[in-house]
Amino acid sequence: MAKDKTSELIEKRKKKANSLRDSHIDLFPNNFRVSHTIMDIRDALKKEPDRLTEDTPVFAVAGRIMAINRFGKAAFIRFTDRTGQFQAYVRRDRVGDESFGFFKLFDIGDFVGLKGGVFKTKTGEWTLLANEVRLLCKSTMPLPEKFHGLKDPEKRYRKRYIDLIMNPGVRDIFIKRSLIIQTVRRFLLERDFLEVETPMMQPIPGGAEAEPFITHHNALGIDLYLRIAPELYLKRLVIGGFERVFEVNRNFRNEGVSTQHNPEFTMLEFYQAYATYEDLMDLTEQMLRDVASSVTGSVIVNYQGSTINFDKKFKRMTLLSALETIGGVKPELIKNKEKLFEFASVKGINITKIARPGKVITKLFDVLVEPHLIQPTFITGYPVEVSPLSRRSDEDPAVTERFELFIAGKEIANGFSELNDPQDQKRRFLQQAEDRAAGDKEAHFMDEDYIEALEYGMPPTAGEGIGIDRLVMLLTDAASIREVIFFPHMKPKGSKPFSA
RNA sequence: GGGCCGUUAGCUCAACCAGGCAGAGCACCUGACUCUUAAUCAGUAGGUUGAAGGUGCGAUUCCGUCACGGCCCA
């Protein structure tokens, strides 16, 4: 909405701020010492309510005013700090005439410092009886309505701070997000994994099939890519002797946005030497069980109307058997390339010239099976063509020792025994390079330096990536990834986008 | 990229189908009020209806275009 004049509401709030300033009230002081949080007061009320009176002990507490009920010479205010919400009673005969006069100019949204004891109101609510009320920060922008809050999704995402002020549920989601990452970190640290950081800017973007963002380094005079995955660097660390490493950090993929995709997203990747993909499936089960119970208090989680059970042993099945039993695709069809491609076309899959059977089979799986995998399910037996970094199966060299984990119809994790044969790795990269030359923008780049690293020898290793945003969605019952990312990317609105 | 829906006061929403002075609640402002909690009572004020066009005597309403967003599909 283009508007050149400030609304009357804002003007009035600014006037109040000016009139306080004219009375020599500091609008932005920083000398109020907080002695207690709201939670501290509540704890004290729980533990020793008999010892608390309206005179002693005195709590010095601060927060943002969320509601004011004024009664002429007294007022109730509701205020919040990081630990919760509490009520204070401000009486003129208690705080003094001058202070009460200034208090009349306080608005919803202002920060206040309060000092006083506690008492119980007629309706039985514990309330802080203020001896002192001080302005800690004047707010000139009006907050949304207290009852309905802020609902407009566009404004919620663009101005997340208002969303956080008004909608406590949003705050809870992000607290849970933090707890999930902490729990994952603790889980891995307990198992002797080392947390590391590897380049976000890479000369060759590797480790995934995705289109990268490109940037330029002036001093080095080279283009760099924002990483699409940390994989090849983490494996270089395994080669260097760090047998167990993990990284929780951002990946960037230059793709569309949707309820399931944000151009930057958070991925956990971890690598364990002398382990197999089967070991990692076991580890993943334990990790998710641990995270689910730490964060939600239960191993049974409700997600968008489904009940997800993290307690039972996760199902395991191969890609082909899932296609047959869940997708209803007959094994004969998969063996016949022509019929397979025809069938895939009918199912709406875009068969390009470069399509390889393994790719088509995987796409068919995405369409026919993935949405039906509600309970945690490991799918194994991925074709070698779609798994250029995975070790081949000893039984069948056409498939790899790889799994993906699906929960609630979403891909949550992808792990495999790592390919550590440099010659085979080189052949796989060459095949990818062919696909890239044929127009597949998502095919892997050749990375000679990585091949050389493998030639020094990487111990047998298994590695895995877990999409943290999707895991957070699952555990917070969020339908859109935008609900679990503080500042999801959107097109700029109003002013013209910045350009250098 | 395609389909459907949305954009009206600071916020949440009406009015649009079937064109005729753009309304309400909360918030704000004035007054009353020292136990409220979506406080109450009385009064006042607040609008370039996302943008620029078209049709009409008249457009928030009908038409096409654009911008941004939501959901679904690719």
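The sequence lines fix the lettering, A, B, ..., with proteins before strands; numbering per chain opens at 1.
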| task | Look at the side chain of Arg436(A) and the backbone N and O of Lys441(A), then say whether any donor-acceptor pair between them is shorter than 3.5 Å. | result | yes
| query | Mind checking the P distance from U44(B) to U8(B)? Whole angstroms is fine. | reply | 27 Å
| said: Between Thr377(A) (side chain only) and Gln375(A) (backbone N and O only), is there a donor and an acceptor less than 3.5 Å apart? | reply: yes
| Which part of the nucleic acid does Asp152(A) contact within heavy-atom distance under 4.0 Å: base, sugar-phosphate only, or nothing? | sugar-phosphate
| Rounded to whole angstrom units, what separation is found between the CZ atom of Phe103(A) and the C1' atom of U34(B)? | 12 Å
| request: Identify whether any heavy atom of Lys73(A) sits under 4.0 Å from a base atom; if not, whether one sits that close to sugar-phosphate; answer base, sugar-phosphate or nothing. | output: base
| Looking at Phe252(A) versus Phe265(A), is the centre-to-centre ring distance below 6.0 Å? | no
| message | Using whole Å, what does the distance between atom P of nucleotide C68(B) and atom CE of Met490(A) come to? | response | 11 Å
| said: For the P atoms, the ones on U61(B) and on C21(B), what distance do you get once it is rounded to whole angstrom? | reply: 14 Å
| request: Just need the stems in RNA chain B: three or more back-to-back Watson-Crick or G-U pairs, each with both distances under 3.5 angstrom, sorted by first number. | output: B:1-7 with B:67-73, B:10-13 with B:23-26, B:29-32 with B:40-43
| task | Round to the nearest Å and state the distance from Arg156(A) atom CZ to U7(B) atom P. | result | 18 Å
| remark: Of the candidates C71(B), U36(B), G46(B), the side chain of Ser480(A) sits closest to C71(B)
| task | Assign Gly256(A) to base, sugar-phosphate, or nothing according to its heavy-atom contacts below 4.0 angstrom with the strands shown. | result | nothing
| query | When rounded to the nearest Å, what value does the distance between P atoms of C17(B) and G64(B) take? | reply | 15 Å
Where do N or O atoms of nucleotides 40-44 of chain B meet protein N or O atoms at under 3.5 Å, pair by pair?
none

| Checking Arg356(A) side chain against Glu385(A) main chain: does a donor-acceptor pair fall under 3.5 Å? | no
| task | Describe the nucleic acid contact of Tyr89(A) in one word from base, sugar-phosphate, nothing, applying a heavy-atom distance below 4.0 Å. | result | base
| said: Base of U7(B), side chain of Glu154(A) - is there a donor-acceptor contact under 3.5 Å? | reply: no
| task | Determine the contact category for Arg482(A): base if any of its heavy atoms lies under 4.0 Å from a base atom, sugar-phosphate if only primed atoms, P, OP1 or OP2 are that close, otherwise nothing. | result | sugar-phosphate
| said: Under 4.0 Å, counting only non-hydrogen atoms across every strand here, what does Lys15(A) touch: a base, just sugar-phosphate, or nothing? | reply: nothing
| said: Under a 4.0 Å threshold between the charged nitrogen and the carboxylate oxygen, would Glu483(A) count as salt-bridged to Arg177(A)? | reply: no
| message | How many whole angstroms separate atom CG of Asp93(A) from atom C1' of C35(B)? | response | 13 Å
| How far, in whole Å, is G10(B) from C28(B) if one measures between their C1' atoms? | 9 Å
| query | Rounding to a whole Å, what distance do you find between Asn69(A):CG and C26(B):P? | reply | 13 Å
| Rounded distance in Å between the C1' positions of A32(B) and G25(B) | 22 Å
| message | Syn or anti for G69(B)? Use the chi torsion, O4'-C1'-N9-C4 for purines and O4'-C1'-N1-C2 for pyrimidines, with syn inside 90° of 0. | response | anti
| Are Asp110(A) and Arg64(A) close enough for a salt bridge, meaning some N to O gap below 4.0 Å? | no
| remark: Looking only at C29(B), G69(B), C71(B), the nucleotide nearest the Asp107(A) side chain is C29(B)
| Of the nucleotides C28(B), G69(B), G10(B), which has the atom closest to the Pro153(A) side chain? | G69(B)
| field | C1' gap between A27(B) and G20(B), integer Å | value | 32 Å
| cation_pi(Arg78(A), Phe86(A)) dist<6.0 Å, angle<=45 | no
| For atom C1', what is the distance between C29(B) and C68(B), given to the nearest Å? | 34 Å
| request: Give a yes/no verdict on base stacking between U36(B) and Phe76(A): centres under 5.5 Å, planes within less than 30° of parallel. | output: yes
| Are Phe365(A) and Phe406(A) an aromatic pair by the rule of ring centers under 6.0 Å? | yes
| field | Residue Phe71(A), side-chain heavy atoms: nucleotide from U34(B), A45(B), C29(B) that is nearest | value | U34(B)
| field | Ile68(A) vs Leu150(A), nearer the 5' end of RNA chain B by closest nucleotide | value | Leu150(A)
| Does a nitrogen or oxygen in the side chain of Lys491(A) sit under 4.0 Å from OP1 or OP2 of C68(B)? | yes
| task | Under the salt bridge (charged side-chain N to carboxylate O under 4.0 Å, His left out) rule, collect the residues that match up with Arg428(A), sequence neighbours excluded. | result | Asp424(A)
| said: Under the rule for salt bridge (charged side-chain N to carboxylate O under 4.0 Å, His left out), what residues qualify as partners of Glu404(A), not counting sequence neighbours? | reply: Arg402(A)
| field | Presence of Lys16(A) side-chain N/O under 4.0 Å of C29(B) phosphate oxygens OP1/OP2 | value | yes
| Which residues share a side chain to side chain contact (heavy atoms under 4.5 Å, CB included) with Pro263(A), sequence neighbours left out | Phe213(A), Val257(A), His489(A)
| query | For residues 162-176 of chain A, which residue pairs qualify under side chain to side chain donor-acceptor pair (under 3.5 Å), counting only residues two or more places apart or in two chains? | reply | Arg156(A)-Asp163(A), Arg160(A)-Asp163(A), Asp163(A)-Asn167(A)
| request: Measure from CD1 on Ile10(A) to P on A9(B) and round the result to the nearest Å. | output: 13 Å
| So what does Phe119(A) hit on the nucleic acid, given a heavy-atom distance under 4.0 Å: a base, only sugar-phosphate, or nothing? | base
| field | SB check Lys104(A) Asp97(A) (cutoff 4.0 Å) | value | no
| message | Any side-chain N or O of Arg92(A) below 4.0 angstrom from OP1/OP2 of U34(B)? | response | no
| query | Which nucleotide in the list G70(B), C29(B), U36(B) gets nearest to the side chain of Tyr157(A)? | reply | G70(B)
| query | For C72(B), does OP1 or OP2 lie under 4.0 Å from any side-chain N or O of Thr259(A)? | reply | yes
| Atom NZ of Lys151(A) to atom C1' of G69(B): distance rounded to whole Å? | 17 Å
| message | I want to confirm an ordering. Mapping Glu145(A) and Ala75(A) to their closest nucleotides on RNA chain B, which one lands closer to the 5' end? | response | Glu145(A)
| task | Would you mind reading off the distance between Lys347(A) atom NZ and C73(B) atom P, rounded to a whole angstrom? | result | 16 Å
| query | Expressed in whole Å, how much space separates the C1' atoms belonging to C4(B) and A18(B)? | reply | 23 Å
